[in-house]
Amino acid sequence: MSSEQEQESIRCLVAKVGLDGHDRGAHVIARAFRDAGFEVIYSGLHKAPEEIVQAAVQEDVDVLGISILSGAHDTLIPKIMDGLEEYGAKEDTLVLAGGVIPEEDRAELKAEGVAAIFGPGTSVEETIEFVRENAPER
Amino acid sequence: MNADEELLEDLLAGEHRALARVISKIENRSSGYRDLVSELYAHTGDADVIGVTGSPGAGKSTLVDKLAETYRDRGETVGVIAIDPSSPFTGGAVLGDRIRMASTVGDMDVFVRSMSARGTLGGLSTATADAVKAMDAFGKDKIIIETVGAGQNEIDIVRTADTVAVLVPPGSGDEIQTLKAGILEIADVFVVNKADRDGADRTVQELRDMIQLDEGGGMAGGGGHHSQEVIDAHDDWDPEDDVDDADADAETWTTPIVETVATRGEGVDDLLEAFADHRQYLVDSGEHAEQVRGRYAEEIRTLLREDVHAMLEDRLAAAGGVDDLAEAVRQGETDPYSIADDVLAPVETCLEDLEIDDG
(Lines give C-alpha, C1' and ligand atoms only; values in the text may rest on other atoms or scores of the structure.)
Protein backbone atom coordinates (compact mmCIF):
# COMPACT_ATOMS: atom_id res chain seq x y z
CA MET A 1 0.00 0.00 0.00
CA SER A 2 1.04 3.56 -0.62
CA SER A 3 1.64 4.52 2.96
CA GLU A 4 4.25 1.84 3.56
CA GLN A 5 7.35 3.50 4.84
CA GLU A 6 10.67 1.99 4.01
CA GLN A 7 12.98 1.82 6.96
CA GLU A 8 16.33 1.08 5.51
CA SER A 9 19.41 1.28 7.66
CA ILE A 10 23.00 0.75 6.61
CA ARG A 11 24.21 -2.48 8.20
CA CYS A 12 27.92 -2.97 8.83
CA LEU A 13 29.98 -5.82 10.16
CA VAL A 14 33.13 -4.60 11.88
CA ALA A 15 35.43 -7.59 11.90
CA LYS A 16 38.67 -8.55 13.55
CA VAL A 17 40.26 -11.45 11.77
CA GLY A 18 43.26 -13.55 12.70
CA LEU A 19 45.54 -13.39 15.66
CA ASP A 20 46.03 -9.72 16.39
CA GLY A 21 44.58 -8.67 19.69
CA HIS A 22 44.27 -4.95 19.16
CA ASP A 23 40.69 -3.83 18.77
CA ARG A 24 40.72 -0.24 19.96
CA GLY A 25 40.45 0.95 16.37
CA ALA A 26 37.60 -1.45 15.66
CA HIS A 27 35.77 -0.18 18.75
CA VAL A 28 36.24 3.44 17.69
CA ILE A 29 34.90 2.69 14.22
CA ALA A 30 31.98 0.66 15.60
CA ARG A 31 30.98 3.50 17.85
CA ALA A 32 31.41 6.14 15.14
CA PHE A 33 29.25 4.07 12.77
CA ARG A 34 26.63 3.68 15.47
CA ASP A 35 26.57 7.44 16.01
CA ALA A 36 26.23 7.91 12.26
CA GLY A 37 22.99 5.93 12.50
CA PHE A 38 24.30 2.65 11.11
CA GLU A 39 23.56 -0.75 12.54
CA VAL A 40 26.86 -2.24 13.55
CA ILE A 41 27.60 -5.85 14.27
CA TYR A 42 30.95 -6.36 15.92
CA SER A 43 32.61 -9.71 15.41
CA GLY A 44 34.84 -9.83 18.46
CA LEU A 45 38.51 -10.73 18.41
CA HIS A 46 40.38 -13.63 16.81
CA LYS A 47 37.88 -14.65 14.16
CA ALA A 48 38.65 -17.04 11.35
CA PRO A 49 37.78 -15.93 7.81
CA GLU A 50 34.92 -18.44 7.59
CA GLU A 51 33.39 -17.03 10.77
CA ILE A 52 33.45 -13.56 9.25
CA VAL A 53 31.85 -14.87 6.07
CA GLN A 54 29.14 -16.65 8.06
CA ALA A 55 28.33 -13.49 9.98
CA ALA A 56 28.36 -11.30 6.86
CA VAL A 57 26.00 -13.64 5.00
CA GLN A 58 23.56 -14.28 7.86
CA GLU A 59 23.41 -10.66 8.87
CA ASP A 60 23.10 -9.57 5.24
CA VAL A 61 25.37 -6.61 5.81
CA ASP A 62 25.87 -3.84 3.27
CA VAL A 63 29.36 -3.13 4.50
CA LEU A 64 32.12 -5.35 5.82
CA GLY A 65 34.92 -3.46 7.52
CA ILE A 66 37.95 -5.61 8.28
CA SER A 67 40.42 -4.27 10.80
CA ILE A 68 43.78 -5.93 10.67
CA LEU A 69 47.07 -5.00 12.27
CA SER A 70 48.93 -8.29 12.20
CA GLY A 71 50.30 -8.12 8.68
CA ALA A 72 48.39 -11.23 7.65
CA HIS A 73 46.00 -9.28 5.41
CA ASP A 74 47.31 -10.77 2.18
CA THR A 75 46.40 -14.29 3.27
CA LEU A 76 43.27 -13.65 5.34
CA ILE A 77 41.40 -11.09 3.24
CA PRO A 78 41.44 -13.17 0.03
CA LYS A 79 39.96 -16.06 2.03
CA ILE A 80 37.12 -13.83 3.15
CA MET A 81 36.53 -12.62 -0.40
CA ASP A 82 36.38 -16.21 -1.68
CA GLY A 83 33.93 -17.13 1.05
CA LEU A 84 31.66 -14.21 0.17
CA GLU A 85 31.75 -15.25 -3.45
CA GLU A 86 30.76 -18.79 -2.53
CA TYR A 87 27.52 -17.47 -1.01
CA GLY A 88 26.91 -15.00 -3.82
CA ALA A 89 27.55 -12.11 -1.47
CA LYS A 90 30.73 -10.66 -2.93
CA GLU A 91 29.13 -8.48 -5.59
CA ASP A 92 26.93 -6.43 -3.33
CA THR A 93 28.97 -6.18 -0.17
CA LEU A 94 31.16 -3.12 0.23
CA VAL A 95 34.38 -4.44 1.70
CA LEU A 96 36.72 -2.05 3.48
CA ALA A 97 40.04 -2.73 5.09
CA GLY A 98 41.62 -0.74 7.86
CA GLY A 99 44.67 -0.91 10.05
CA VAL A 100 48.27 -1.37 9.14
CA ILE A 101 48.45 -2.29 5.49
CA PRO A 102 51.61 -1.33 3.58
CA GLU A 103 51.29 0.67 0.39
CA GLU A 104 52.76 -2.09 -1.76
CA ASP A 105 50.07 -4.61 -0.72
CA ARG A 106 47.13 -2.38 -1.53
CA ALA A 107 46.84 -2.94 -5.26
CA GLU A 108 46.52 -6.67 -4.73
CA LEU A 109 43.77 -6.28 -2.11
CA LYS A 110 41.86 -3.95 -4.41
CA ALA A 111 42.19 -6.52 -7.17
CA GLU A 112 40.60 -9.01 -4.76
CA GLY A 113 37.59 -6.72 -4.46
CA VAL A 114 38.37 -4.53 -1.45
CA ALA A 115 36.75 -1.18 -2.21
CA ALA A 116 38.90 1.01 -0.03
CA ILE A 117 41.76 0.83 2.43
CA PHE A 118 41.93 3.20 5.35
CA GLY A 119 45.35 3.44 6.95
CA PRO A 120 46.40 5.01 10.23
CA GLY A 121 45.41 8.66 10.49
CA THR A 122 42.23 8.36 8.46
CA SER A 123 39.46 10.40 10.05
CA VAL A 124 36.28 8.56 10.95
CA GLU A 125 34.30 11.22 9.07
CA GLU A 126 36.08 10.26 5.89
CA THR A 127 35.22 6.59 6.42
CA ILE A 128 31.58 7.33 7.19
CA GLU A 129 31.32 9.56 4.14
CA PHE A 130 32.76 6.79 1.98
CA VAL A 131 30.25 4.28 3.35
CA ARG A 132 27.32 6.64 2.79
CA GLU A 133 28.37 7.23 -0.80
CA ASN A 134 29.26 3.68 -1.70
CA ALA A 135 26.98 1.39 0.31
CA PRO A 136 25.38 -0.87 -2.28
CA GLU A 137 21.87 -0.12 -3.50
CA ARG A 138 19.79 -3.27 -3.24
CA MET B 1 9.19 -15.47 -12.18
CA ASN B 2 9.91 -12.12 -10.56
CA ALA B 3 12.74 -11.46 -8.14
CA ASP B 4 10.66 -11.96 -5.00
CA GLU B 5 9.24 -15.28 -6.18
CA GLU B 6 12.75 -16.41 -6.92
CA LEU B 7 13.86 -15.28 -3.49
CA LEU B 8 11.04 -17.23 -1.88
CA GLU B 9 11.91 -20.32 -3.86
CA ASP B 10 15.57 -20.05 -2.86
CA LEU B 11 14.58 -19.64 0.77
CA LEU B 12 12.37 -22.72 0.66
CA ALA B 13 15.22 -24.57 -1.03
CA GLY B 14 17.39 -23.82 2.00
CA GLU B 15 19.69 -21.13 0.68
CA HIS B 16 21.08 -19.14 3.56
CA ARG B 17 21.60 -16.00 1.59
CA ALA B 18 17.96 -16.00 0.52
CA LEU B 19 16.88 -16.29 4.15
CA ALA B 20 19.19 -13.42 5.06
CA ARG B 21 17.76 -11.33 2.22
CA VAL B 22 14.16 -12.01 3.13
CA ILE B 23 14.80 -10.92 6.71
CA SER B 24 16.42 -7.73 5.41
CA LYS B 25 13.37 -7.01 3.28
CA ILE B 26 11.18 -7.54 6.32
CA GLU B 27 13.31 -5.21 8.42
CA ASN B 28 13.47 -2.58 5.71
CA ARG B 29 9.76 -2.80 4.93
CA SER B 30 10.98 -2.98 1.33
CA SER B 31 8.36 -2.82 -1.36
CA GLY B 32 6.83 -6.24 -1.84
CA TYR B 33 7.79 -7.55 1.60
CA ARG B 34 4.17 -8.01 2.55
CA ASP B 35 3.43 -10.33 -0.34
CA LEU B 36 6.56 -12.25 0.53
CA VAL B 37 5.54 -12.70 4.16
CA SER B 38 1.99 -13.68 3.14
CA GLU B 39 3.52 -16.44 1.05
CA LEU B 40 5.60 -17.64 3.99
CA TYR B 41 2.59 -18.46 6.16
CA ALA B 42 1.76 -21.54 4.11
CA HIS B 43 5.14 -23.04 4.98
CA THR B 44 5.24 -22.30 8.71
CA GLY B 45 4.14 -24.03 11.87
CA ASP B 46 6.79 -26.68 12.38
CA ALA B 47 9.34 -24.81 14.46
CA ASP B 48 9.42 -24.55 18.23
CA VAL B 49 9.83 -20.91 19.14
CA ILE B 50 11.57 -20.11 22.40
CA GLY B 51 11.97 -16.66 23.87
CA VAL B 52 14.85 -15.87 26.19
CA THR B 53 14.76 -12.63 28.10
CA GLY B 54 16.26 -11.04 31.18
CA SER B 55 18.16 -8.00 32.33
CA PRO B 56 21.43 -6.93 30.68
CA GLY B 57 24.30 -9.04 31.88
CA ALA B 58 22.09 -11.94 32.95
CA GLY B 59 23.97 -14.19 30.55
CA LYS B 60 21.35 -14.55 27.83
CA SER B 61 23.68 -14.73 24.85
CA THR B 62 26.00 -17.23 26.49
CA LEU B 63 23.06 -19.41 27.43
CA VAL B 64 21.53 -19.14 23.96
CA ASP B 65 24.88 -20.19 22.54
CA LYS B 66 24.89 -23.33 24.68
CA LEU B 67 21.26 -24.07 23.86
CA ALA B 68 22.02 -23.83 20.16
CA GLU B 69 25.04 -26.06 20.56
CA THR B 70 23.04 -28.70 22.42
CA TYR B 71 20.22 -28.67 19.87
CA ARG B 72 22.81 -29.08 17.13
CA ASP B 73 24.36 -32.04 18.95
CA ARG B 74 20.91 -33.58 18.86
CA GLY B 75 20.74 -33.06 15.12
CA GLU B 76 18.31 -30.15 15.09
CA THR B 77 18.79 -26.93 13.18
CA VAL B 78 18.57 -23.62 14.97
CA GLY B 79 17.70 -20.04 14.16
CA VAL B 80 18.52 -17.26 16.58
CA ILE B 81 17.13 -13.73 16.49
CA ALA B 82 19.13 -11.50 18.80
CA ILE B 83 17.53 -8.17 19.56
CA ASP B 84 19.46 -5.19 20.81
CA PRO B 85 18.30 -1.66 21.47
CA SER B 86 19.03 1.18 19.08
CA SER B 87 19.81 4.79 19.77
CA PRO B 88 16.71 6.92 20.11
CA PHE B 89 18.70 9.83 18.68
CA THR B 90 20.48 8.50 15.62
CA GLY B 91 18.78 5.13 15.13
CA GLY B 92 22.24 3.60 15.17
CA ALA B 93 22.98 0.44 17.08
CA VAL B 94 25.77 -1.86 18.08
CA LEU B 95 24.41 -5.36 17.88
CA GLY B 96 26.71 -7.28 20.14
CA ASP B 97 25.04 -10.57 20.97
CA ARG B 98 26.56 -12.46 18.13
CA ILE B 99 29.97 -12.09 19.72
CA ARG B 100 29.05 -14.60 22.41
CA MET B 101 27.75 -17.18 20.00
CA ALA B 102 31.13 -18.83 19.90
CA SER B 103 30.29 -22.52 20.20
CA THR B 104 28.55 -22.75 16.89
CA VAL B 105 30.65 -20.64 14.57
CA GLY B 106 31.35 -22.13 11.20
CA ASP B 107 28.09 -24.10 11.46
CA MET B 108 25.67 -22.52 9.00
CA ASP B 109 22.84 -24.57 10.48
CA VAL B 110 22.88 -22.15 13.35
CA PHE B 111 21.57 -19.02 11.70
CA VAL B 112 22.07 -15.98 13.91
CA ARG B 113 20.45 -12.73 12.98
CA SER B 114 20.79 -9.47 14.91
CA MET B 115 17.95 -7.00 14.89
CA SER B 116 17.33 -3.59 16.37
CA ALA B 117 14.29 -1.40 16.75
CA ARG B 118 13.85 0.73 13.66
CA GLY B 119 10.28 1.88 13.41
CA THR B 120 7.79 2.81 16.02
CA LEU B 121 4.55 1.41 17.37
CA GLY B 122 5.26 -2.27 17.63
CA GLY B 123 7.35 -2.25 14.48
CA LEU B 124 10.00 -4.36 16.11
CA SER B 125 7.60 -7.02 17.28
CA THR B 126 6.03 -7.22 13.82
CA ALA B 127 9.43 -7.50 12.19
CA THR B 128 10.50 -10.12 14.72
CA ALA B 129 7.36 -12.18 14.20
CA ASP B 130 7.87 -12.01 10.44
CA ALA B 131 11.53 -12.98 10.74
CA VAL B 132 10.46 -15.99 12.82
CA LYS B 133 8.11 -16.93 9.95
CA ALA B 134 11.00 -16.74 7.51
CA MET B 135 13.16 -19.01 9.65
CA ASP B 136 10.28 -21.41 10.23
CA ALA B 137 9.53 -21.62 6.51
CA PHE B 138 13.23 -22.12 5.86
CA GLY B 139 12.98 -25.27 7.96
CA LYS B 140 14.63 -24.39 11.26
CA ASP B 141 13.58 -26.85 13.99
CA LYS B 142 14.16 -24.47 16.88
CA ILE B 143 14.00 -20.70 16.81
CA ILE B 144 15.31 -18.73 19.75
CA ILE B 145 14.44 -15.08 20.23
CA GLU B 146 16.78 -13.30 22.58
CA THR B 147 15.94 -9.89 23.93
CA VAL B 148 16.77 -7.64 26.86
CA GLY B 149 13.79 -7.57 29.15
CA ALA B 150 13.47 -3.89 29.81
CA GLY B 151 9.94 -2.91 28.95
CA GLN B 152 6.67 -3.46 27.20
CA ASN B 153 8.23 -3.79 23.77
CA GLU B 154 10.20 -6.81 24.93
CA ILE B 155 7.12 -8.38 26.39
CA ASP B 156 5.43 -8.01 23.00
CA ILE B 157 8.39 -9.65 21.34
CA VAL B 158 8.61 -12.65 23.61
CA ARG B 159 4.90 -13.20 23.11
CA THR B 160 5.93 -14.30 19.65
CA ALA B 161 7.41 -17.37 21.35
CA ASP B 162 5.67 -20.57 22.41
CA THR B 163 7.79 -20.86 25.51
CA VAL B 164 9.38 -17.97 27.36
CA ALA B 165 12.40 -18.34 29.60
CA VAL B 166 13.16 -15.45 31.92
CA LEU B 167 16.70 -15.26 33.25
CA VAL B 168 17.02 -14.07 36.80
CA PRO B 169 20.57 -13.44 37.95
CA PRO B 170 21.45 -14.16 41.58
CA GLY B 171 21.04 -11.24 43.91
CA SER B 172 18.69 -9.32 41.66
CA GLY B 173 16.98 -7.47 44.43
CA ASP B 174 14.74 -8.13 47.40
CA GLU B 175 11.60 -10.22 47.30
CA ILE B 176 9.38 -7.25 46.50
CA GLN B 177 10.88 -7.33 42.99
CA THR B 178 9.21 -10.67 42.45
CA LEU B 179 5.84 -9.14 43.33
CA LYS B 180 6.04 -6.43 40.71
CA ALA B 181 4.19 -6.70 37.46
CA GLY B 182 5.96 -7.24 34.18
CA ILE B 183 8.78 -9.40 33.08
CA LEU B 184 8.46 -12.17 35.67
CA GLU B 185 4.80 -12.70 34.86
CA ILE B 186 5.51 -13.78 31.32
CA ALA B 187 7.85 -16.62 32.29
CA ASP B 188 7.04 -20.21 31.42
CA VAL B 189 10.40 -21.23 32.82
CA PHE B 190 12.63 -19.37 35.25
CA VAL B 191 16.34 -19.67 34.78
CA VAL B 192 18.63 -18.72 37.62
CA ASN B 193 21.78 -18.37 35.59
CA LYS B 194 25.21 -17.92 37.20
CA ALA B 195 23.92 -20.36 39.79
CA ASP B 196 27.44 -20.78 41.12
CA ARG B 197 27.41 -17.24 42.47
CA ASP B 198 26.60 -16.05 45.95
CA GLY B 199 22.94 -15.38 46.43
CA ALA B 200 21.72 -17.96 43.91
CA ASP B 201 20.00 -20.05 46.58
CA ARG B 202 18.20 -17.03 47.90
CA THR B 203 17.04 -16.01 44.44
CA VAL B 204 15.71 -19.52 43.82
CA GLN B 205 13.91 -19.38 47.15
CA GLU B 206 12.33 -16.01 46.34
CA LEU B 207 11.12 -17.22 42.98
CA ARG B 208 9.77 -20.37 44.61
CA ASP B 209 7.86 -18.26 47.15
CA MET B 210 6.45 -16.17 44.36
CA ILE B 211 5.24 -19.20 42.43
CA GLN B 212 3.70 -20.66 45.59
CA LEU B 213 1.93 -17.39 46.24
CA ASP B 214 0.47 -17.47 42.74
CA GLU B 215 -0.72 -21.01 43.21
CA GLY B 216 -2.16 -20.26 46.64
CA GLY B 217 -4.19 -17.43 45.19
CA GLY B 218 -5.99 -19.97 43.06
CA MET B 219 -5.13 -18.01 39.94
CA ALA B 220 -3.92 -21.04 38.07
CA GLY B 221 -7.01 -23.16 38.44
CA GLY B 222 -7.47 -26.64 39.82
CA GLY B 223 -4.01 -28.12 40.03
CA GLY B 224 -2.74 -26.16 42.99
CA HIS B 225 -2.34 -29.06 45.39
CA HIS B 226 -0.21 -30.96 42.98
CA SER B 227 1.81 -27.95 41.98
CA GLN B 228 2.87 -27.57 45.57
CA GLU B 229 4.52 -30.97 45.49
CA VAL B 230 6.14 -30.15 42.23
CA ILE B 231 7.62 -27.02 43.68
CA ASP B 232 8.91 -28.83 46.75
CA ALA B 233 10.42 -31.49 44.57
CA HIS B 234 11.81 -29.14 42.00
CA ASP B 235 15.41 -30.19 42.53
CA ASP B 236 14.66 -33.52 40.95
CA TRP B 237 11.92 -32.19 38.76
CA ASP B 238 10.61 -35.06 36.75
CA PRO B 239 8.19 -34.23 33.98
CA GLU B 240 7.16 -37.83 33.36
CA ASP B 241 5.34 -37.99 36.69
CA ASP B 242 3.35 -34.99 35.75
CA VAL B 243 2.34 -36.12 32.31
CA ASP B 244 1.28 -39.54 33.54
CA ASP B 245 -0.84 -38.09 36.30
CA ALA B 246 -4.54 -37.35 36.23
CA ASP B 247 -6.02 -35.15 33.52
CA ALA B 248 -6.44 -32.19 35.82
CA ASP B 249 -2.69 -31.90 36.16
CA ALA B 250 -2.16 -31.57 32.46
CA GLU B 251 -4.24 -28.41 32.49
CA THR B 252 -2.01 -26.29 34.66
CA TRP B 253 1.57 -25.32 34.26
CA THR B 254 3.74 -24.55 37.21
CA THR B 255 6.68 -22.46 36.20
CA PRO B 256 9.78 -24.53 36.93
CA ILE B 257 13.02 -22.98 38.16
CA VAL B 258 16.12 -24.25 36.42
CA GLU B 259 19.59 -23.40 37.67
CA THR B 260 22.29 -22.99 35.06
CA VAL B 261 25.90 -21.92 34.73
CA ALA B 262 25.86 -21.00 31.07
CA THR B 263 29.60 -20.41 30.78
CA ARG B 264 30.20 -24.07 31.64
CA GLY B 265 27.07 -25.44 30.01
CA GLU B 266 25.73 -26.67 33.36
CA GLY B 267 21.98 -27.15 33.60
CA VAL B 268 21.46 -26.76 29.87
CA ASP B 269 20.06 -30.26 29.46
CA ASP B 270 17.62 -29.62 32.31
CA LEU B 271 16.55 -26.42 30.65
CA LEU B 272 15.92 -28.09 27.32
CA GLU B 273 13.89 -30.70 29.16
CA ALA B 274 11.82 -27.95 30.77
CA PHE B 275 11.22 -26.44 27.31
CA ALA B 276 10.13 -29.81 25.95
CA ASP B 277 7.81 -30.31 28.93
CA HIS B 278 6.23 -26.93 28.37
CA ARG B 279 5.75 -27.71 24.72
CA GLN B 280 4.09 -30.98 25.68
CA TYR B 281 1.88 -29.20 28.16
CA LEU B 282 0.82 -26.63 25.53
CA VAL B 283 -0.22 -29.36 23.14
CA ASP B 284 -1.91 -31.59 25.74
CA SER B 285 -3.87 -28.78 27.36
CA GLY B 286 -4.98 -27.29 24.07
CA GLU B 287 -3.40 -24.04 25.12
CA HIS B 288 -1.19 -24.02 22.08
CA ALA B 289 -4.09 -23.46 19.72
CA GLU B 290 -5.31 -20.64 21.91
CA GLN B 291 -1.83 -19.15 22.05
CA VAL B 292 -1.44 -19.26 18.29
CA ARG B 293 -4.86 -17.72 17.81
CA GLY B 294 -4.02 -14.94 20.23
CA ARG B 295 -0.76 -14.32 18.44
CA TYR B 296 -2.43 -14.00 15.06
CA ALA B 297 -5.03 -11.68 16.54
CA GLU B 298 -2.22 -9.52 17.85
CA GLU B 299 -0.49 -9.59 14.47
CA ILE B 300 -3.64 -8.44 12.73
CA ARG B 301 -4.11 -5.65 15.26
CA THR B 302 -0.51 -4.52 15.01
CA LEU B 303 -0.61 -4.48 11.23
CA LEU B 304 -3.80 -2.46 11.19
CA ARG B 305 -2.40 -0.08 13.76
CA GLU B 306 0.79 0.39 11.78
CA ASP B 307 -1.11 1.00 8.56
CA VAL B 308 -3.48 3.49 10.10
CA HIS B 309 -0.54 5.18 11.73
CA ALA B 310 1.26 5.44 8.39
CA MET B 311 -1.86 6.85 6.72
CA LEU B 312 -2.16 9.46 9.44
CA GLU B 313 1.49 10.39 9.09
CA ASP B 314 0.85 10.91 5.38
CA ARG B 315 -2.14 13.09 6.16
CA LEU B 316 -0.14 15.10 8.63
CA ALA B 317 2.66 15.57 6.13
CA ALA B 318 0.17 16.63 3.46
CA ALA B 319 -1.27 19.16 5.88
CA GLY B 320 2.15 20.72 6.33
CA GLY B 321 3.54 18.57 9.11
CA VAL B 322 3.03 18.23 12.80
CA ASP B 323 5.39 21.08 13.71
CA ASP B 324 2.96 23.90 12.92
CA LEU B 325 0.25 22.20 14.91
CA ALA B 326 2.60 21.71 17.83
CA GLU B 327 3.60 25.36 17.65
CA ALA B 328 -0.06 26.36 17.71
CA VAL B 329 -0.47 24.36 20.91
CA ARG B 330 2.63 25.99 22.37
CA GLN B 331 1.19 29.44 21.58
CA GLY B 332 -1.95 28.49 23.46
CA GLU B 333 -4.14 28.72 20.36
CA THR B 334 -5.43 25.18 20.55
CA ASP B 335 -4.73 21.85 22.25
CA PRO B 336 -3.80 18.32 21.13
CA TYR B 337 -7.28 16.91 21.82
CA SER B 338 -9.00 19.45 19.57
CA ILE B 339 -6.44 18.82 16.84
CA ALA B 340 -6.95 15.06 17.03
CA ASP B 341 -10.71 15.57 16.79
CA ASP B 342 -10.34 17.86 13.79
CA VAL B 343 -7.93 15.58 11.94
CA LEU B 344 -10.01 12.47 12.52
CA ALA B 345 -13.44 13.98 11.88
CA PRO B 346 -13.39 13.24 8.12
CA VAL B 347 -12.25 9.66 8.80
CA GLU B 348 -15.10 9.15 11.19
CA THR B 349 -17.61 10.55 8.68
CA CYS B 350 -16.20 8.26 6.03
CA LEU B 351 -16.55 5.18 8.22
CA GLU B 352 -20.10 6.09 9.18
CA ASP B 353 -21.00 6.47 5.50
CA LEU B 354 -19.50 3.06 4.84
CA GLU B 355 -21.60 1.44 7.52
CA ILE B 356 -24.73 2.96 6.03
CA ASP B 357 -23.74 1.60 2.60
CA ASP B 358 -23.21 -1.85 4.08
CA GLY B 359 -26.65 -1.78 5.70
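Predicted, not measured: the structure shown is a model, and the values here were computed from it. By convention in this document, chain letters (A, B, ...) are assigned in the order of the sequence lines, proteins followed by strands, and residues within each chain are numbered from 1. Side chains are part of it too, since the values below use all heavy atoms of this structure and drop only hydrogens, waters and symmetry mates.
A salt bridge between B/D46 and B/K140 is absent, with no side-chain N of the basic residue lying under 4.0 Å from a carboxylate O of the acidic one. In this structure, B/R21 does not pair ionically with B/D10, as no charged nitrogen and carboxylate oxygen lie closer than 4.0 Å. Salt-bridge annotation for B/E298 and B/R305: present, with a side-chain N of the basic residue lying under 4.0 Å from a carboxylate O of the acidic one.
Contact count versus chain A (heavy atoms, under 4.5 Å) is highest, among B/H16, B/E15, B/R98, for B/R98. Interface summary for chain B: among A/S43, A/A36, A/C12, the most heavy-atom pairs under 4.5 angstrom belong to A/S43. If you tally non-hydrogen atom pairs under 4.5 Å between each of B/I23, B/D107, B/L95 and chain A, the highest count goes to B/L95. For the set A/L45, A/V14, A/D92, A/V53, the entry with the most heavy-atom pairs within less than 4.5 Å of chain B is A/D92.
Ring geometry for A/Y42 against A/H27 counts as perpendicular: the plane angle is over 60°, on a 0 to 90° scale with 30° as the lower cut.
Taking 4.5 Å as the limit, every side-chain heavy atom of A/D23 sits out of range of all side-chain heavy atoms of A/S67.
Closest heavy-atom contact between B/L11 and B/F138: O-CD1, 3.4 Å.
Contact of A/A48 with chain B is not made at all, since no heavy-atom distance falls under 4.5 Å. In this structure, chain B has heavy atoms under 4.5 Å from both the backbone and the side chain of A/S9. The contact between B/V110 and chain A is made entirely by backbone atoms, counting heavy-atom distances below 4.5 Å. With a threshold of 4.5 angstrom between heavy atoms, B/S87 does not approach chain A through any atom at all. Interface remark: A/E50 contributes no atoms to any contact with chain B (heavy atom separation under 4.5 Å). If you measure heavy-atom distances from A/Y87 to chain B, the contacts under 4.5 Å come from both the backbone and the side chain.
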Intermediate values then yes/no, salt bridge (charged side-chain N to carboxylate O under 4.0 Å, His left out), B/R72 and B/E69: CA-CA 5 Å; B/R72 288 298 295 137; B/E69 187 185 20; over 6 Å; no

